[in-house]
Amino acid sequence: MTIRLYDTSARQIRDFTPLKPGCVSIYLCGATVQAAPHIGHIRSGLNFDIMRRWFTYRGYEVTFVRNVTDIDDKIIAKAHEQGRPWWSIGYENERAFNEGYTALGCLPPTYEPRATGHITEMVEMMQRLIDRGHAYAADGNVYFDVRSFPQYLQLSRQELDNLLQPSGEGETGKRDARDFAMWKAAKPGEPTWPTPWGEGRPGWHLECSAMAHKYLGSAFDIHGGGLDLIFPHHENEIAQAKAYGDDFARYWVHNAWVTMAGDKMSKSLGNSVLVSEMVRQWRPIVLRYYLGTPHYRSMIEYSEESLREAESAFARIEGFVQRVTELAGKSVEPAAEVPPAFAEAMDDDLGVPQALAVVHTTVRQGNSALAADDKDAAVARLAEVRAMLGVLGLDPLDEQWAGESDKGEDLHGVVDSLVRLVLDQRESARARKDWATADAIRDQLNQSGLVIEDSPQGPRWTLGSR
């Protein structure tokens, strides 16, 4: 068994070999908390949650760090715009992110450090970089000298002579326009912290280098994030960390975006779909299926139609789980191991679409067993399905999703009683061979959004797709 991952730095899929046998260390660039999360933000958390679950299934002990960027230009701009303290905006949106992660079934990280809690580590890192000739102070700012680090831009494969480095307001005193800010001099109305070079606040890139070092040491296995972070953020992280003396990340894994009309989902473009709104319209487990089952390196073009398709696909899986559970008369525990074809797909760069195909094939086999009244085979297939769904965080019988079935339980009982009355009328029509009336009743129920299935145990109903 060898897990293989696409490494952005190598531009190829590589066999994964951990630094420490049996252990995996992962650093994921988490939320910048200037606003509430849209589903594009949460996709990254979901993709790496599935990665973490798969490593755990394969027997690894996983240390998973997902940071919170709670101070940056965007947060400060929002604070000025809304007339609120910067920390108030940051904390409010940090909670919104965590609520979103939890709603969609992401396991909590091992550590979730905030940038503002690690100023001391950032100052120490800057001082060492200055001492080593890789950084310099100017006008209260501290800059990284990109020409001092020959390996700069190896991740993004750019040419230094063609580089246009993004710069912020007040970044004066640069020796080279391509140098980037690690520390920004104090400005009126902005939060500041003391340093040997004057009051100021950290730059975005410095935050992650310092926090990764703090929690994972000088070398760790996997650094993750969205494709948009390759440059400048991850490129600058590498420069700081390696010039500091760290080996830093051995694998770089990047997830693709959620797009709308071909553009990356973004608040600045006005095309975002907030998680808090989506979970009111769609079951969270369906959202997880929608965002988590495409390959992590594939773009997802958002549309309600594709969400409805995901809802219908998951309903087929969930319906099978419910039918066999009812037949067995008790909960069927997940199998000890997933089917080999599922494992092979997941080992190959987290091939969730191919793994999901194994789930659907197993569901079809289970449904065939149900139709043949083969209870033992149906139960065996359900055990396999639950094992696979557990890896994907999609097992509808898991306690994570128990609240979903509890919601509206009383209403479900009322609806069930009413539907049963109608189904009794249909059964009476079938008994007297009045097929036209029986079919008309079934069609009316279908038009109402209910799916009627005839089983050896009698008719049963489920909600259809919207």
- [ ] Using a cut-off of 6.0 Å, state whether more than 12 heavy atoms not belonging to Gln82 lie near its atom CD.
- [x] yes
- [ ] Report, as yes or no, whether the 6.0 Å neighbourhood of atom CD on Glu305 holds more than 12 heavy atoms from other residues, nucleotides or ligands.
- [x] no
Under a 3.5 Å threshold, yes or no: a donor from one side chain and an acceptor from the other, between [X] and [Y]?
X      : Y      : answer
Thr116 : Asp70  : yes
Thr259 : Glu301 : yes
Tyr27  : Asp221 : no
His223 : Glu237 : yes
Arg364 : Thr361 : yes
Asp131 : Gln127 : yes
Thr69  : Asn67  : yes

Task: Heavy-atom check, side chain of Arg53 versus side chain of Thr56, under 4.5 Å - done: no
Task: Test item: Asp179 and Glu171 side chains (from C-beta on) under 4.5 Å apart, heavy atoms - done: no
Open item on the list: Test of understanding: with side-chain contact (heavy atoms from CB on, under 4.5 Å), list the residues that count as partners of Ala185, not counting sequence neighbours.
Closed with: Asn141
Residues 341-350, side-chain donor-acceptor partners within the protein, below 3.5 Å, at least two apart:
| from | atom 1 | to | atom 2 | distance (Å) |
| --- | --- | --- | --- | --- |
| Asp347 | OD1 | Trp54 | NE1 | 2.9 |
| Asp347 | OD1 | Arg58 | NE | 3.2 |
| Asp347 | OD2 | Arg58 | NH2 | 2.6 |
| Asp349 | OD1 | Tyr6 | N | 2.9 |
| Asp349 | OD1 | Tyr296 | OH | 2.4 |
| Asp349 | OD2 | Tyr296 | OH | 3.4 |
| Asp349 | OD2 | Arg297 | NE | 3.0 |
| Asp349 | OD2 | Arg297 | NH2 | 2.8 |

Task: Qualifying salt bridge (charged side-chain N to carboxylate O under 4.0 Å, His left out) pairs, either residue in residues 205-217, two or more places apart - done: Glu121-Lys214
Would you mind checking if [Y] and [X] are paired as a salt bridge, meaning a charged N to carboxylate O distance below 4.0 Å?
X      : Y      : result
Arg323 : Glu326 : no
Asp72  : Arg201 : no
Glu124 : Arg128 : no
Arg288 : Asp49  : yes

Open item on the list: Looking at Ser44 and His41, would you say the former's side chain and the latter's main chain have a donor-acceptor pair under 3.5 Å?
Closed with: no
Task: Donor-acceptor pair, side chain of Ser306 and main chain of Ser303, under 3.5 angstrom - done: yes
Open item on the list: Show every ring pair (Phe, Tyr, Trp, His ring centres under 6.0 Å) that has at least one partner inside residues 196-216, sequence neighbours left out.
Closed with: Tyr111-Tyr215, His118-Tyr215, Phe180-His205, Trp204-His233, His205-His233, His213-Tyr244
Open item on the list: Looking at every non-hydrogen atom in both residues, tell me the closest pair between Pro294 and Ile300 and how far apart they are.
Closed with: CG-CD1, 3.7 Å
- [ ] State which residues pass ring-ring contact (aromatic ring centres under 6.0 Å, His included) with Phe48; sequence neighbours excluded, sorted by chain then number.
- [x] none
TODO: Please identify each residue that fulfils ring-ring contact (aromatic ring centres under 6.0 Å, His included) with Tyr101, with sequence neighbours left out.
DONE: none
TODO: Taking the six-membered ring of Tyr251 (Phe, Tyr or Trp), confirm whether the NZ or CZ of Arg14 is under 6.0 Å from its centre and within 45° of its axis.
DONE: yes
